[in-house]
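Below is one structure, written out as structure tokens, with a few remarks after it.
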Amino acid sequence: MLSDSIIILKKELRRIFTDRRMLAMLVLLPLLMLPVMYSVMAKMGASRDSEITSFRSTICLYEGIGNETVMGPFIESISTINTELEIVQLSEVEAAKLAITEKEKELLIVMPDNFHESLVECSTFDIGVYFNSTADYSQHAYSRISQVMASLNGDIVRERILERDLSEDILTVFTLNEVPMQYDLAKEGSVIGKIISILLPFFIIIYLFVNSMKVGLDTVAGEKERGTLAVTLVNQVSRLSIVIGKMMSVMIAAIVGAASSVIGLIIGSKYFMGMFGASGAAISSYSMSTLHILQFAIVIIPLAVLVASMVLIVSTFARNTKEGQGMIMPVYFVVMIMGMATMQTGDVPPKWMLSTPIINSLLVLKEIFIQGASWSSITTACLSSIVFSVILIYLTLRMFNSEKILFRI
Amino acid sequence: MLRVENLFKVYKNRKKNVTETVEAVKDVSFECSPGEIFGLLGPNGAGKTTTLRCISTLIKPTSGNVYIDRYNVLNDEKAIRSRIGFLTSDMKLDGFFTPDYMMDYFGALNKMSKDDIQLRKDYLFNELQMSDFIHKKIDKLSTGMKQKTAIAISLIHDPEVIIFDEPTNGLDVITSKSVTDFLKKYAQAGKTIVISTHIMHVAEKICDRFGILVEGELKEIGSLNDILENNSSDSLEDVFFGYILPGSEGEVSHAQ
């Protein structure tokens with residue numbers, strides 16, 4: 001039986017890997033597309049950031065009544081940022097607010113009347129800074145003004161303390177981790193592994209499923225549509241051998257396609273992770289030990305078998321590839337939700353997750369990336385993938401033996 | 001020896017909670033001996049393809065059975081498949097591969113050794129005059145070339161019984177003649193051949209005996225002379241149209 005499956009597998013693989021279009025779609029496109037896509041996204045993001053940073057914003061300032069003598073340090077602080085300062089009168093405040101709403105100006109700073117008295121009495125007063133959170137330039141100017149105002153605030157407090165012959169240290173009761181030392185006791189490589197573990201298992205399941213779909217829908221539904229399946233069925237080969245051979249070909253194609261996508265993702269991660277605030281260089285320095293690579297392979301193969309079996313059963317039931325595409329989409333969404341569910345699970349995931357196929361495999365992959373997967377959780381995940389694959393293959397075989405489904409009589 | 005015994009095939013279609021029953025084949029029985037070509041004649045929808053599919057084990061009969069020697073389609077599917085070469089017009093070959101590769105593939109599926117496959121390839125490629133296109137993708141071949149390829153593939157394992165559904169359908173005159181000549185030669189080599197067709201002159205030319213299938217029932221069975229005598233007709237075509245077109249010459253003859 002297995003020898004027949006291997007004959008079918010070889011033919012299916014030949015079909016997939018010698019077809020230039022299929023090869024480009026499965027291997028070349030994700031390998032090139034992902035780095036190009038992420039680098040373009042990162043470049044566009046960086047170019048926008050630089051545009052915002054270099055933009056000369058217009059800040060309107062209402063100085064308040066009776067503050068002429070104390071405005072100096074405030075105006076000086078505001079002028080340190082790249083801005084054009086417009087002093088406005090009380091009558092012009094509303095017009096300035098409207099200009100900010102209309103994105104014509106970036107900020108309006110309204111000083112309270114007679115705040116010099118508060119300065120002398122050392123009491124707190126409030127400065128109003130109006131901005132538009134939907135305008136990038138206004139938002140950036142607001143964030144810069146908040147920084148310079150906080151700095152001015154600190155300078156004034158420091159002056160007051162020194163005037164009273166007190167030490168600045170009075171403001172700091174204690175510090176945290178100021179002494180240069182390695183405080184993070186996580187295993188070496190596991191910190192960056194943690195970041196990878198949030199994203200990569202999700203991408204892996206998506207890539208496995210998408211690549212299974214690319215090949216799997218055609219392998220039975222396409223053959224039914226083209227009338228090529230019956231030719232195989234009248235030969236001396238069992239239907240189980242056909243199902244196993246086709247399932248293996250879908251699985252191999254899915255793994256190759258997913259590997260290509262993940263390599264593309266890793267190449268693109270330099271840009272991609274940068275967008276999430278993590279260091280691309282740190283990601284590229286991440287490596288896995290031989291044991292963890294072995295654990296990864298042990299988990300990923302049954303998972304790929306399960307995904308291939310899911311696609312194959314839909315492909316067998318569908319009349320043609322178009323119908324198959326419609327039928328597979330709800331399954332794809334469920335798998336996508338399962339992948340998302342594993343992104344933020346905490347250190348001890350709920351029990352239902354550990355006993356749900358696909359989810360438990362993804363959780364084990366997360367553990368492997370953080371370098372802490374136990375053999376018991378690996379075994380559980382693999383067993384559940386295998387059990388569900390066997391059930392799906394059995395059901396697919398039942399469909400292969402059904403004239404109604406296979407020939408749609 | 002092929003023997004079809006009281007074959008019935010009923011399809012059930014469920015539409016809007018109503019189950020519709022269609023009797024595609026009703027009590028069909030016939031035999032075909034080694035060296036004989038049996039022609040199953042009938043219009044589209046008469047049940048020819050369903051009958052041939054039952055013989056080939058692609059579908060199971062609702063009742064009745066089909067025997068090849070001591071094996072039957074209900075219990076010995078694999079043994080039956082090893083003894084038949086089956087080709088229908090709705091079976092297509094994967095256009096991505098070459099005839100040469102497909103011969104290797106189906107030879108391997110039929111448990112043949114590489115040497116045996118090579119011997120069969122040499123014989124069939126030569127007999128069917130395929131040598132010019134065996135390394136071209138099937139997608140790039142003409143209808144006649146594709147049909148020759150399909151025939152060669154169905155015969156790779158040197159089956160005892162050959163079942164061809166409309167083997168000359170859509171072929172040009174030259175290819176059609178080379179296919180019919182090949183079938184005659186194959187029958188002379190002691191093979192049992194069943195073909196279905198609605199092209200009367202092809203049937204008359206190559207078949208030793210005929211069965212006329214109309215609406216799932218075998219209305220006539222016998223040699224050309226037997227059928228013409230029974231229907232007091234001088235043309236198989238008239239007899240055939242008599243069954244499928246009311247009021248034609250053949251219909252009058254049946255009334256008599």
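Just so we're on the same page: letters track the sequence lines, and every chain starts at 1. In this text, all values refer to a predicted model and were calculated from it rather than measured experimentally.
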message: Under a 4.5 Å cutoff for heavy-atom pairs, which residue among Asn401(A), Val231(A), Val237(A), Leu233(A) has the most contacts with chain B?
response: Val231(A)
message: Go through it in stages, so that I can follow the logic: the residues are Glu223(A) and Arg15(A), the test is salt bridge (charged side-chain N to carboxylate O under 4.0 Å, His left out), and I'd like the CA-CA distance, side-chain angles, deciding distance and then a yes or no.
response: CA-CA 12 Å; Glu223(A) 284 220 36; Arg15(A) 176 89 171 78; over 6 Å; no
Region of Lys111(B) in contact with chain A, defined by heavy-atom distances below 4.5 Å: side chain
task: Under 4.5 Å heavy-atom distance to chain B, tell me which part of Thr232(A) shows up: side chain, backbone, both or neither.
output: both
- prompt: Where does Ile8(A) contact chain B at under 4.5 Å (heavy atoms): side chain, backbone, both or neither?
  reply: both
message: I want to check something: taking the side chain as every heavy atom from C-beta on, are Phe97(B) and Asp104(B) in contact at a cut-off of under 4.5 Å?
response: no
- prompt: Which bit of Phe96(B) is near chain A, if near means a heavy-atom gap under 4.5 Å: side chain, backbone, both or neither?
  reply: side chain
message: Tell me whether Lys214(A) contacts the main-chain N or O of Met25(A) through its side chain, where contact means a donor paired with an acceptor under 3.5 Å.
response: yes
message: With a 3.5 Å distance limit and no angle check, can you tell me whether Lys26(B) reaches the backbone of Glu215(B) through a side-chain donor-acceptor pair?
response: yes
task: Name the region of Thr18(A), side chain, backbone, both or neither, that has any atom closer than 4.5 Å to a heavy atom of chain B.
output: both
message: Between Asp165(B) and Lys48(B), is the salt bridge (charged side-chain N to carboxylate O under 4.0 Å, His left out) condition met? List the steps.
response: CA-CA 8 Å; Asp165(B) 186 12; Lys48(B) 300 190 302 282; 5.8 Å; no
